[in-house]
2 protein chains.
Amino acid sequence: MRKYSRQREALLTELRGRKDHPTAEELYFSLRAVIPNYSLGTVYRNLSDLSTDGIIMKISSGYGPERYDGNIKPHGHFTCTKCGRVYDLDGFYDSHVDTKEMIREIGNSASSKDIASISEIRIMLYGNCVNC
Amino acid sequence: MRKYSRQREALLTELRGRKDHPTAEELYFSLRAVIPNYSLGTVYRNLSDLSTDGIIMKISSGYGPERYDGNIKPHGHFTCTKCGRVYDLDGFYDSHVDTKEMIREIGNSASSKDIASISEIRIMLYGNCVNC
DNA sequence: AACAATAACGATAATTATTATCAAATTTAT
DNA sequence: ATAAATTTGATAATAATTATCGTTATTGTT
């Protein structure tokens with residue numbers, strides 16, 4: 001049975017309170033400001049547990065370490081190949097009816113004899129960000 | 001100036017000759033059968049150089065180590081969250097005119113004030129494969 | 001063909017990112 | 001308050017990848 005912990009609560013609050021997609025280490029520094037002896041191992045453990053449970057989302061861009069997103073409402077992402085930062089694409093999945101329809105169509109058009117079941121569809125754009 | 005090398009050539013041939021998306025280590029074992037003292041560091045170096053130059057593609061799924069694809073023609077992927085294997089979605093970008101149109105629309109609908117330029121659009125489905 | 005310049009290699013060390021271990025502390029149910 | 005179970009912090013270990021460096025291979029030039 002899962003038990004409450006101040007550390008996991010603080011991690012969730014921190015992650016949900018920011019619009020960027022921090023790495024484990026970035027979260028670690030932020031959380032040390034709240035709970036001074038918060039351990040890096042605990043950050044990793046909680047990130048792993050929470051993303052396995054689908055409470056948060058792990059983002060793998062291929063440009064730098066893993067990043068995490070507190071918003072699990074389906075939405076696209078954009079990775080800057082220069083700095084590795086990941087940004088939200090708020091337009092996807094919700095703003096446009098067309099996009100919503102489009103995403104649904106993607107799942108339907110998935111053609112691979114190897115697929116048994118689909119649980120998620122992710123879209124990642126790559127390019128350069130305005131901050132680089 | 002880039003020079004030819006038997007090792008890089010063999011890597012490209014191997015990667016292009018298979019439909020799976022091998023990890024660096026998997027390629028290393030295959031390549032040792034062709035060039036017995038092929039070094040793992042060389043595998044990594046060539047994979048890095050070739051993907052930086054856009055000759056091959058690095059696939060980051062978040063389930064296991066990085067994988068590589070010798071086919072750079074735009075196409076979607078499917079990751080099995082159980083075994084980490086990555087499969088091609090051949091339907092995307094080419095088979096359906098609708099899908100092609102859809103993907104183009106995705107680029108156009110990309111709404112983030114942080115985007116300076118977009119170089120690539122990737123779609124990754126997650127789920128379980130029939131082999132698991 | 002020999003030569004010089006330079007890029008790539010193999011072997012291995014180092015680094016980075018992440019996971020595992022375990023005794024102590026915290027949480028939860030009784 | 002006590003006991004059982006989970007989580008933690010500190011740290012060790014592992015996995016994946018990158019860097020180093022002396023040697024080898026490739027390429028352009030005599």
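Quick caveat: nothing in here was measured; it's all calculated off a predicted structure. Chain A is the first sequence line, chain B the second, and so forth, proteins listed ahead of strands; every chain is numbered from 1.
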Asks: Among D:dA5, D:dG9, C:dC9, which nucleotide has an atom closest to any side-chain atom of A:Lys3?
Replies: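 So the side chain of A:Lys3 is nearest to D:dA5.
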Asks: Figure out the CG/P separation between B:Leu47 and D:dA19, and round it to whole Å.
Replies: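 B:Leu47 atom CG is separated from D:dA19 atom P by 15 Å.
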Asks: Are any of the side-chain heavy atoms of B:Asp20 and B:Arg85 separated by less than 4.5 Å?
Replies: no
Asks: Calculate the interatomic distance between B:Arg32 atom CZ and C:dG10 atom C1'; express it in whole Å.
Replies: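 These atoms are roughly 9 Å apart.
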Asks: Any idea which of C:dC9, D:dA4, D:dT8 is nearest the A:Thr42 side chain?
Replies: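 My answer, after comparing the listed nucleotides, is D:dT8.
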Asks: Over how many whole Å does the gap from B:Tyr28 atom OH to C:dT12 atom P extend?
Replies: 11 Å
Asks: Specify the angle, to 10°, made by the local axes at the two ends of the helix from C:dA1-D:dT30 to C:dT30-D:dA1 when five pairs are taken at each end.
Replies: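 The helix from C:dA1-D:dT30 to C:dT30-D:dA1 shows an end-to-end axis angle of 40°.
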Asks: Picking from D:dA10, D:dT8, C:dA8, which would you name as closest to the side chain of A:Asn37?
Replies: D:dA10
Asks: Return the value, rounded to whole Å, for the distance between atom CD of A:Glu9 and atom P of C:dT28.
Replies: 11 Å
Asks: Please report, rounded to the nearest Å, how far the C1' atom of D:dT24 is from the OH atom of B:Tyr38.
Replies: 15 Å
Asks: On DNA chain D, nearest-nucleotide positions of A:Arg2 versus B:Lys58: which is more 5'?
Replies: A:Arg2
Asks: Who are the side chain to side chain contact (heavy atoms under 4.5 Å, CB included) partners of B:Thr52, not counting sequence neighbours?
Replies: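 Here the qualifying residues are B:Ser48.
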Asks: Check for me, please, whether B:Tyr63 and A:Ile118 land in the same ILVMFWY cluster - side-chain distances under 4.5 Å, paths through other members count.
Replies: no
Asks: Would you mind classifying the nucleic acid contact of B:Glu66 as base, sugar-phosphate or nothing, using non-hydrogen atoms under 4.0 angstrom?
Replies: sugar-phosphate
Asks: Quick one: do B:Asp53 and B:Arg2 make a salt bridge, cutoff under 4.0 Å?
Replies: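 A salt bridge links B:Asp53 with B:Arg2.
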Asks: Can you tell which of D:dT7, D:dA5, D:dT17 lies closest to the side chain of A:Ser5?
Replies: D:dT7
Asks: Can you pull out every ring pair (Phe, Tyr, Trp, His ring centres under 6.0 Å) where at least one residue sits in residues 14-40 of chain A? Sequence neighbours excluded, please.
Replies: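 For residues 14-40 of chain A: A:His21-A:His77.
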Asks: Can you find a side chain N or O atom of A:Gln7 that sits less than 4.0 Å from OP1 or OP2 on C:dT26?
Replies: no
Asks: For side-chain contact (heavy atoms from CB on, under 4.5 Å), just list the numbers for B:Asp114 and A:Phe78, CA-CA rounded to whole Å, side-chain angles, deciding distance to a tenth of an Å, and then say yes or no.
Replies: CA-CA 9 Å; B:Asp114 301 294; A:Phe78 169 81; 5.7 Å; no
Asks: Can you tell which of C:dA8, D:dT26, D:dA4 lies closest to the side chain of B:Tyr4?
Replies: D:dT26
Asks: Of the candidate nucleotides D:dT17, D:dG28, D:dT7, which contains the atom at the shortest distance from the side chain of B:Leu40?
Replies: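 Comparing D:dT17, D:dG28, D:dT7 against the side chain of B:Leu40, the answer is D:dT17.
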Asks: Roughly, in whole Å, what's the span from CZ in A:Arg8 to P in D:dT7?
Replies: 5 Å
Asks: I'd like to know if the side chain of A:Arg122 reaches the main chain of A:Ile59, judged simply by a donor and an acceptor atom lying under 3.5 Å from each other, with no hydrogens or angles considered.
Replies: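 Flag not set: sc A:Arg122 to bb A:Ile59 has no pair under 3.5 Å.
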Asks: Check every atom of D:dT8, C:dA11, C:dT18 against the side chain of A:Arg45 and return the nucleotide holding the closest atom.
Replies: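 Ranking D:dT8, C:dA11, C:dT18 by closest atom to the A:Arg45 side chain puts D:dT8 first.
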Asks: Which one of A:Val34, A:Leu50, A:Ile35 satisfies the side chain to side chain contact (heavy atoms under 4.5 Å, CB included) criterion with A:Leu11?
Replies: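 It is A:Leu50; the other options fail the test.
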Asks: Please report, rounded to the nearest Å, how far the C1' atom of D:dT7 is from the CG atom of A:Leu11.
Replies: 14 Å
Asks: Over how many whole Å does the gap from A:Asn46 atom CG to D:dT8 atom C1' extend?
Replies: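 Taking atom C1' of D:dT8 as the reference, CG of A:Asn46 is at 9 Å.
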Asks: Distance check: side-chain N/O of B:Tyr44 vs OP1/OP2 of D:dT18, anything under 4.0 Å?
Replies: no
